[in-house]
Amino acid sequence: MRRLTVLITALLAGLAGAVVATPAAAAPTVCALYCDTRDPSLARQETFPVPEVNLNGRRLVLHVSDTDRMAWASIDHGVLGDSVWLDRTWTNGSTWDGLLGRASIPATWTGTRTLMYNVGDPAAHRRGMVRACGDAGGVTCTAWAYTKVCDAVCDGADPATAVGDNQPVPGTTISNRRIDLHLDNRGLAWATLAAGTAGDEVWLDRSWDEGVSWPDGSSLGRISVPSGAASVRTTMVNSRDPRSLLYGGAVRACGRATGSANGSCTAWARPAADRPAAAADALAWAYRTDTAWWPSSWWNSAVAVTALADYAARTGRTDYRWLIDRTYELNKGVMPAGQKSGDAIEGNFISRAIDDTGWWALAWVQAYDVTRDAKYLNMAVTIGNYMHSYWDGVCGGGVWWNRERTYKNAVTIGLYIKLTAALHNRIAGDTLWLNRANAGWNWFSASGMVNASGLVNDGITGGCANNGQTVWTYNQGLAIGGAVELWRATGNAALLTRARQLADAAMNSTVLTRSGILTESCDPANSCDDNQKQFKGIFMRYLMDLADASGVAAYRTYAQRQADTIWQSDRDSLNRIGQRWTGATPNARDWRTQASGLGAVLAATAGPSTPPTQPPTEAAWTVNTSYATGAVVTYAGARWQCRQPHLSQVGWEPPNVPALWQRL
C-alpha cells in the first residue's frame with residue numbers, strides 16, 4: 001500500500017489503552033460535516049492526538065482531521081491478515097462502538113487503513129472519543145483521544161483564571177452545606193461547596209442534550225473538602241465542544257455531605273459569553289447536522305440561517321460558518337414534496353412558493369457578506385431571476401406569491417425589493433437589478449398596501465386594493481429593509497425617510513407595540529403558528545439595519561428594550577427564548593421563537609467597528625477601485641466596502657458617514 005505519511009516522531013512503544021469489554025453491536029451511521037465511512041484521501045488535515053503504539057513490531061496510529069471532525073486508523077510494517085479498526089465511545093470509555101471500518105492487510109502490502117468516522121454526533125447531542133485498535137498476533141489499542149473538551153481553554157483549568165463569575169441559577173443546599181454553580185464569560189463552569197466539613201464532595205455534571213442525560217459528563221472535577229477546611233471548588237469545564245460541533249451544552253453543580261448517600265444538584269444552566277452568543281448557541285443546538293436544517297420548517301430554516309449569519313456579521317464570530325455552508329451544500333439539490341417542504345424543492349432552493357424561495361435568497365446574500373464566497377451570491381442571483389419571472393402586469397406590476405398566481409402580497413414584494421437592491425449593491429457595474437428594485441419599490445408604494453396608519457396590510461384584493469388583512473411585523477420589517485437597501489443603492493434620501501416613517505409607525509402603533517414591547521397579533525392568545533413564531537425577529541433585523549443606516553438613537557433604544565425584556569422575562573436557564581417576549585404564560589418556545597429572539601438581541605448589539613468619522617488623508621488609504629458600489633479600501637489594516645454608488649461623485653472625500661461602508 002502507499003506508505004502513510006507520519007508527521008511526528010514515533011513516541012515510546014507500548015502506551016496502549018487496555019481492551020476491557022466487548023464492543024457494542026454494529027453502530028448506526030453518524031453524519032456531522034460528512035457521514036461515516038469517508039475516504040481518508042479526502043481529509044483536509046492530518047494530526048496525531050495520541051502516541052502511536054508498537055504492536056508486535058507494527059505501527060498502530062490514530063489519525064484525526066479536526067477540520068473534518070473525523071478520525072481514521074492505520075497499521076503499518078505489518079503482514080498479510082493483520083487488521084486495524086476504530087473504537088468510538090459516547091460514554092467516556094465505559095462502552096463503545098467497536099470494529100469501525102475494520103480493514104485487513106492484503107497480500108503484497110505492508111499496511112492498511114480504515115475509512116474515516118466522525119468523532120462526535122451533534123445531531124444526537126453526543127460527544128465522542130476515539131481510539132485506533134489493531135490485531136497482529138495480539139489485540140491492543142491506542143489511548144482514547146479527546147478525553148478533555150477544549151474551547152477557549154481545556155477542561156481542568158483553575159477557576160482562579162476565570163474571566164468573570166456569574167451564578168445563573170439559585171444554589172442548592174444539603175445538610176446545611178451550600179452548593180453553587182459558577183460560570184465565566186467564556187462558557188466555562190465550576191462548582192463550589194461552602195459551610196461544609198472534611199469529606200464533603202462537590203462536582204459538575206455536563207449534558208449535551210439539555211439535561212436529559214449526561215453519559216460522558218458525570219462527576220466532573222469531583223473533589224472533597226480537605227481536612228481543616230469548610231469549602232472547596234472544582235476545576236472548570238467547558239460547555240461547548242467545537243471539535244464535535246456541539247454548542248449549547250448544559251452544566252449543573254452537585255454535592256454530597258460526608259456520611260450521606262444522597263446528593264443535591266442545582267438546576268441545569270447553559271453558559272455563554274454574552275447575550276448574542278447565548279441566544280445563538282441555543283439556536284444552533286436545535287440544528288440537525290445530519291439533515292442540515294431545523295426540522296421541520298423549510299422557509300423558517302432559511303431565516304434561522306440568516307439569523308446566525310447576522311450573528312457572525314454583528315459579532316465577528318466565525319463559529320457557525322460550517323453550519324451555513326452545510327445547509328447550503330445539502331439543500332441546494334432536488335428534494336421531493338414532503339421531505340423538507342410540502343412542496344417539491346426543484347433545485348437551487350426553488351419551489352412553487354415564491355416567498356419561501358425568496359427567504360433562501362436573502363440567507364445566501366447574508367452568507368456572502370460574511371464569507372465573501374461567490375457561490376452564495378450566485379445562488380441569490382439564480383433565485384432572484386426565478387422570482388422576477390413571476391412579475392407581470394396584473395395590478396400594474398408586482399410579484400405573485402405562488403406559481404399558481406393567486407395572490408400578490410406584501411411579503412413577496414418585500415422580499416423582491418430587498419433582494420434586488422441587495423444584488424445591485426454587491427454586483428459591480430449592475431443596472432439590471434437596480435432597475436428591478438426601483439420598479440418593485442414604486443409598485444409597492446403605489447399598491448395601497450400601506451394603510452393610513454403607516455402599517456403594512458397583508459396584500460391586495462383581486463381588484464388591486466388593500467385587502468385590510470392582518471398587519472404582521474415581518475411585512476413591516478421587510479418594507480423597512482427594502483427601503484434601506486434601495487437607499488444604499490441610490491442615495492435617495494426620501495427612501496431613508498420612508499423607512500423611518502414605517503419604523504415609527506410600528507413603534508407607536510397599539511397594534512404592533514404594546515406597553516413598549518413588539519407584539520404579534522397572535523401573541524396575546526399564545527396562538528401563533530410555526531410561521532408566525534418567527535415574524536418579530538425579522539422586523540428586528542430590519543430595524544437594526546435602519547438604526548445602523550440612520551444613526552437615530554430611538555431605534556436602538558427600542559431594540560434595547562426588547563432585548564432587556566427578553567433577557568429578564570422570557571429566557572430560561574438554558575437561554576431558550578419564547579414567543580411572548582413579556583414572558584407571559586402560557587408561552588410557546590422552540591427553535592423558531594429562538595431565532596426570532598436572537599434577531600431582537602442582535603438589534604440591540606453594537607456592530608463591528610465602523611470607518612473613522614474623522615477622515616484620513618488620501619495617503620492613508622489603499623484604494624483597490626473607485627468609490628462605486630463594491631469598492632474596497634483598506635485603512636489601518638481593516639478592509640471596507642462601499643455601499644453606495646453615489647460616493648463615486650465625491651472623489652477623495654473620505655467616508656464620513658459610517659453607514660455608507662461595510663467592514664469585510
Side-chain angles (χ1 to χ4, degrees), residues 293 297-306 331-366 376-424 432-433 435-444 447 449 456-462 464 467 469-470 472 474-479 481-482 485-486 529-532 534-535 538 542:
W293 73 322
S297 295
W298 177 241
W299 80 267
N300 305 72
S301 288
V303 176
V305 168
T306 307
N331 290 286
K332 65 184 179 182
V334 176
M335 289 173 280
Q339 180 172 326
K340 288 188 175 176
S341 170
D343 301 319
I345 307 303
E346 301 162 7
N348 297 321
F349 302 89
I350 287 170
S351 70
R352 58 167 289 281
I354 313 305
D355 59 333
D356 286 9
T357 306
W359 289 115
W360 284 105
L362 294 188
W364 304 133
V365 168
Q366 187 63 358
Y376 298 123
L377 187 61
N378 292 338
M379 180 61 75
V381 168
T382 297
I383 295 172
N385 282 320
Y386 171 73
M387 293 186 73
H388 181 71
S389 70
Y390 287 89
W391 175 286
D392 66 15
V394 175
C395 294
V399 180
W400 291 101
W401 177 53
N402 55 22
R403 192 172 286 168
E404 293 76 20
R405 301 178 187 250
T406 61
Y407 188 32
K408 288 189 175 180
N409 62 357
V411 63
T412 314
I413 191 62
L415 289 163
Y416 180 82
I417 296 166
K418 172 66 178 175
L419 175 60
T420 52
L423 291 177
H424 168 75
L432 174 68
W433 294 107
N435 290 336
R436 290 175 175 178
N438 277 320
W441 178 260
N442 292 338
W443 181 83
F444 171 69
S447 70
M449 277 187 272
V456 181
N457 290 107
D458 194 67
I460 57 176
T461 66
C464 306
N467 61 17
Q469 291 184 19
T470 305
W472 298 109
Y474 80 149
N475 284 331
Q476 198 79 13
L478 279 170
E485 195 70 45
L486 190 55
D529 65 23
D530 283 348
N531 290 330
Q532 295 154 6
Q534 271 184 295
F535 288 179
I538 294 166
Y542 296 116

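Computed over heavy atoms, backbone and side chain alike; hydrogens, waters and symmetry mates excluded.
Side chain of Asn378 to main chain of Thr382: no donor-acceptor pair is present (N/O by atom type, distance under 3.5 Å, no hydrogens or angles). In this structure, the side chain of Asn457 engages the main chain of Gln469 through a donor-acceptor pair within 3.5 Å.
The two residues Glu485 and Ala421 make their nearest non-hydrogen contact at CG-CB, 3.6 Å. Scanning all heavy atoms of the two residues, the minimum distance from Gly414 to Leu478 falls at CA-CB, 4.1 Å. Scanning both residues, Trp298 and Trp293, for their nearest heavy atoms gives N-CZ3, 3.9 Å. In terms of heavy-atom proximity, Val399 sits nearest to Met387 at CG1-O, 3.6 Å.
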Q: Please test Val394 against Trp400 for side chain to side chain contact (heavy atoms under 4.5 Å, CB included), starting from the C-alpha separation and ending with a verdict.
A: CA-CA 9 Å; Val394 175; Trp400 291 101; 3.7 Å; yes
Q: Quick one: do Arg436 and Leu419 satisfy side chain to side chain contact (heavy atoms under 4.5 Å, CB included)? Show the steps, please.
A: CA-CA 10 Å; Arg436 290 175 175 178; Leu419 175 60; over 6 Å; no
Q: With side chain to side chain contact (heavy atoms under 4.5 Å, CB included) as the test, would you mind laying out the steps for Asp458 and Thr470 before giving the verdict?
A: CA-CA 6 Å; Asp458 194 67; Thr470 305; 5.5 Å; no
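In this structure, the side chain to side chain contact (heavy atoms under 4.5 Å, CB included) partners of Ser389, at least two apart in sequence or on a different chain, are Tyr386. Every ring-ring contact (aromatic ring centres under 6.0 Å, His included) that Phe444 has, sequence neighbours left out, goes to Trp441. The salt bridge (Lys or Arg N to Asp or Glu O under 4.0 Å) search around Lys408 returns Asp392, not counting sequence neighbours. With sequence neighbours left out, Asn435 forms a side chain to side chain donor-acceptor pair (under 3.5 Å) with no residue at all. Trp391 pairs by the side chain to side chain donor-acceptor pair (under 3.5 Å) definition with nothing, not counting sequence neighbours. Legend: residues meeting side chain to side chain donor-acceptor pair (under 3.5 Å) with Asn442, ordered by chain and number and at least two apart, are absent. Every residue two or more places apart in sequence or in another chain was checked for a side chain to side chain donor-acceptor pair (under 3.5 Å) with Asn348, and none qualifies. Residues passing the ring-ring contact (aromatic ring centres under 6.0 Å, His included) test with Tyr474, sequence neighbours excluded: Phe535.
Annotation: side chain of Tyr416 is not in contact with side chain of Val411 (no heavy-atom distance under 4.5 Å). Inter-residue side-chain proximity for Ile460 and Tyr407 is flagged as unmet; no heavy-atom pair is nearer than 4.5 Å. A heavy-atom distance below 4.5 Å is found between the side chains of Leu423 and Leu377. Proximity of Ile350 to Ile345: side-chain heavy atoms (C-beta onward) are nowhere separated by under 4.5 Å. For the pair Met449 and Ile413, the minimum side-chain heavy-atom distance is below 4.5 Å.
Close placement of the Tyr376 and Trp364 rings is indicated, their centers lying within 6.0 Å of each other.
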With a 3.5 Å cut-off and sequence neighbours excluded, list the donor-acceptor pairs that the side chains of residues 333-341 form with protein atoms.
unit_1 : atom_1 : unit_2 : atom_2 : d
Lys340 : NZ     : Thr291 : O      : 2.4
Lys340 : NZ     : Asn331 : OD1    : 2.6
Ser341 : OG     : Asp343 : N      : 3.1

Could you list the donor-acceptor pairs under 3.5 angstrom formed between side-chain atoms of residues 355-363 and any protein atom two or more places apart in sequence or on another chain?
unit_1 : atom_1 : unit_2 : atom_2 : d
Asp355 : OD2    : Trp401 : NE1    : 3.1
Thr357 : OG1    : Ser351 : N      : 3.3
Thr357 : OG1    : Ala353 : O      : 3.1

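Interatomic distance, CD of Gln532 versus CG of Asn300, reported as 10.5 Å (0.5 Å rounding).
Side-chain contact, Tyr390 with Arg405: no donor N or O sits under 3.5 Å from an acceptor N or O.
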